[in-house]
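Below is one structure; the comments refer to it alone.
What you are looking at is a predicted structure, and each value in this text was computed from that prediction instead of being measured. First the proteins, then the strands, lettered A, B, ... as listed; each starts at 1.
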Protein chains: 2
Amino acid sequence: MPTTNLDETARQILAAASRRFLHYGYKKTTMSEIADDCNMSSGNLYRYFPSKLDIAEMFVRVLRGEQVANLRTVLDAPGRTPAQKVRDFFLLKFKLAYERFHDNAKAFELSSALILERPKVALEWENAEGRVLGEILAEGNADGSFAIDDVPAITKILQNAAYRFTSPAVFHETDEEVLAAELNGVIDLVLDGFAWRSAHRDHGKAAAAGSRS
Amino acid sequence: MPTTNLDETARQILAAASRRFLHYGYKKTTMSEIADDCNMSSGNLYRYFPSKLDIAEMFVRVLRGEQVANLRTVLDAPGRTPAQKVRDFFLLKFKLAYERFHDNAKAFELSSALILERPKVALEWENAEGRVLGEILAEGNADGSFAIDDVPAITKILQNAAYRFTSPAVFHETDEEVLAAELNGVIDLVLDGFAWRSAHRDHGKAAAAGSRS
DNA sequence: CGATTGAACAGTTTATATATTAGTCAGGCT
DNA sequence: AGCCTGACTAATATATAAACTGTTCAATCG
């Protein structure tokens, strides 16, 4: 709930801006228009946000909060094994990203514009989702289905392996069903990797390094 | 060797164009300049190439030929197991892509411009490399280290899993060493997945589907 | 007569002028 | 006082004109 910290007026500004960002795009909405929507002067906006880009950043922060909360439901799903939750996590993440960006050029534009100027926001987003994924992995460690000693490292590896299915730039090329099927293929292989490591608990860095070069 | 099919004059044009593409960029080199380099009129270029874009396409085709030949050396490396060759393949592919695009905006521009208008070229490139990777997998099947029944499907899955490390758009953000280390992490996990499947030869589509949903 | 040219055309890029907008701040309002 | 306004400015974006470039093809060359 990132909006909790915000003033009532700030929240009103954010709501007006969000509506226009999604409908007309980031570049085409002006500060004056946002101000008019809130029945205030454009100058007054700067008492609540340092710049237009910061409004966009807050918008994305809210979106991220919702998405992370959405992904977190995977954790609480009853009757699902950790392995199934890993799959659920990435399929849901893919679905959310696909639905947001496919046939929604405005959302893509806002995202691109923000990430270009504030790369840190993208990193924070990835880390926030990574924490959820890490909890799934920890759960698998606890019930013995996984055997992961460096959870953050494996989290990163999984995010890398699924990158193709979370990078919006590629979405326009391929159909959702096809991509989902390919994502399942990657998850299958990765989970088998976990199964192998779980059966050979002596893996660790030594074994991994040994198999290399 | 894609240039073998070409006329001597066509090869001269291609060489002149390639030099300018890499030095000044695709958009900034004009047909007149290429023609001047070859001591001919601009109109005469069209007796050898239908358009400027086709010169760029041929340039990329040559590049692809070299890259695939380069990757193919991985296959013939003596004393390497198939698993090691899978790693070699992707590390080499990453290194080649990184070196080509990092700090070489011109190569990136040419690639982007071409892929935008001729997406098929990118697909053909991926397929050509996939064939080499498929041969490595087949080798692993032959010596028993892998147990892959649908080699093309697994090839695609591997390419998807390594996408993060072959997509030039991301290269400018992260340092080569870090990316290579992360790629190794993905390969580790994927190879463990192969090991698991090799140890449980009854995997196949039924088992994979069963583990899902 | 086939091979080549370069002027001509249509489309695009660049350069320039005009207009809009993000952000500031001295003052007005409550 | 504290909150808000709206004219102002520097910077960005849009619109318009000029220049250039990819491509064609009738005329020329060998």
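Taking each heavy atom of A161(B) and V186(B) in turn, the nearest pair found is O-CG1, 3.9 Å.
Taking the side chain as every heavy atom from C-beta outward, I154(B) and I157(B) approach each other to under 4.5 Å.
For K93(B), the salt bridge (charged side-chain N to carboxylate O under 4.0 Å, His left out) test picks out E129(B), with sequence neighbours left out. When the ring pair (Phe, Tyr, Trp, His ring centres under 6.0 Å) test is applied to F59(A), no partner is found at least two apart in sequence or on another chain. With sequence neighbours excluded, no residue forms a side-chain hydrogen bond (donor to acceptor under 3.5 Å, both in side chains) with T73(A). By the ring pair (Phe, Tyr, Trp, His ring centres under 6.0 Å) test, Y163(A) pairs with no residue at all, sequence neighbours left out. In this view, R19(B) satisfies the salt bridge (charged side-chain N to carboxylate O under 4.0 Å, His left out) rule with no residue, not counting sequence neighbours. With sequence neighbours left out, I115(B) forms a side-chain contact (heavy atoms from CB on, under 4.5 Å) with S111(B), A122(B).
Here K95(A) pairs with E99(A) in a salt bridge; the nearest charged N to carboxylate O distance falls below 4.0 Å.
Taking the 5' to 3' direction, DNA chain D first and last meets chain A under 4.0 angstrom from a heavy atom at dC3(D) to dG6(D). Protein chain A touches strand DNA chain C; the 5'-most and 3'-most nucleotides with an atom under 4.0 angstrom of its non-hydrogen atoms are dT21(C) to dT24(C).
Screening residues 26-40 of chain A for side chain to side chain donor-acceptor pair (under 3.5 Å), with sequence neighbours left out, gives R20(A)-D37(A). For residues 105-119 of chain A, the set of pairs meeting the salt bridge (charged side-chain N to carboxylate O under 4.0 Å, His left out) definition, not counting sequence neighbours, comprises D54(A)-R118(A), E57(A)-R118(A).
Between the side chain of Q159(A) and the main chain of E126(A), a donor-acceptor pair closer than 3.5 Å is present.
Remark: G43(A), Y46(A), S51(A), K52(A) in residues 43-53 of chain A come within less than 4.0 Å of DNA chain C through at least one heavy atom. Interface residues of residues 22-40 of chain B facing DNA chain D, ordered by number: T29(B), T30(B), M31(B); criterion, heavy-atom separation under 4.0 Å.
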